[in-house]
Amino acid sequence: MPASTVNAVPTNSIEGAVVFTDIVSFTEFNAVEGDEAANDLLTVQEQIVNQFLPAGSWLVKELGDGLMLWFPDADAALDTCLRLMRQFEQYSLETLHPLWVRMGIHWGRQTRRRADLIGHDVNLAARVADEAGATELLISEATLDALGDDSVAEFEELGPVVMKGIPDPVRLYRAVPID
């Protein structure tokens with residue numbers, strides 16, 4: 001068997017919502033509070049995410065203090081992210097430990113590579129999250145288009161945004177929960 005066949009990685013394309021999260025000011029928190037407190041904060045984040053991640057969705061990978069999540073449904077991604085934001089905020093208020101998280105959602109097509117996801121739409125989801133401020137959830141226009149009619153949020157248009165490495169500006173929206 002040729003060496004290239006032995007190392008070949010089967011890939012397939014899937015459609016879904018990719019979410020990236022990032023704990024704001026985590027590096028500073030780690031420097032001030034120490035490694036044990038930082039590890040505890042990451043454990044709390046993991047526990048909260050695992051509690052609210054719906055069936056069919058999965059934690060693709062941990063990225064330091066951030067996460068990459070995948071959802072088969074845009075509405076489930078939005079609903080879950082808003083729930084997570086509320087839980088993170090509640091934890092922050094109750095403990096005075098800053099679990100302030102920024103999130104970004106992008107709907108598109110990804111390529112599975114082993115347990116990972118790759119592709120332009122994954123990169124775009126990461127850039128959407130990069131644009132979010134502390135405790136802010138941003139979504140792309142593609143995500144907005146993939147949502148059903150009974151949304152759990154209102155959306156404030158931020159306009160076309162130029163993002164690093166993305167050739168064309170992308171319309172972004174801030175998701176504001178409907179209470």
Verify, without hydrogens or angle tests, whether Glu136 (side chain) and Arg174 (backbone) share a donor-acceptor contact under 3.5 angstrom.
-> no
Measure from the side-chain N and O atoms of Asn30 to the backbone N and O of Ala38, and report whether any donor-acceptor pair falls under 3.5 Å.
-> no
Value for CE (Met85) from CG (Leu99), rounded to nearest 0.5 Å, stands at 10.0 Å
Here the pair of heavy atoms bringing Leu78 nearest to Ala175 is CD1-CB, 3.9 Å
Around atom CH2 of Trp70, are there more than 12 heavy atoms of other residues, nucleotides or ligands at under 6.0 Å?
-> yes
Heavy atoms, side chains only, cut-off 4.5 Å: are Val122 and Val60 in contact?
-> no
Could you tell me how the ring of Phe29 sits relative to the ring of His97: parallel (under 30°), tilted (30 to 60°) or perpendicular (over 60°)?
-> perpendicular
Rounded to the nearest 0.5 Å, what separation is found between the CG atom of Asp65 and the CG atom of Asp22?
-> 5.0 Å
Could you tell me whether Glu15 atom CD has more than 12 heavy atoms of other residues or ligands within 6.0 Å of it?
-> yes
Shortest non-hydrogen separation from Pro177 to Arg86 and the atoms involved = CB-NH1, 4.0 Å
Salt-bridged, Arg109 to Asp121, with N to O below 4.0 Å?
-> no
Does the side chain of Tyr91 come within less than 4.5 Å of Leu41's, by heavy atoms?
-> yes
Neighbour count >12 (heavy atoms, 6.0 Å) for atom CD, Glu36 | no
Indicate yes or no for a side-chain donor-acceptor contact from Thr21 to the backbone of Met103 under 3.5 Å, with no hydrogens or angles considered.
-> no
Under 4.5 Å between side-chain heavy atoms, hopping through other hydrophobics if needed: is there a path connecting Phe155 to Val128?
-> no
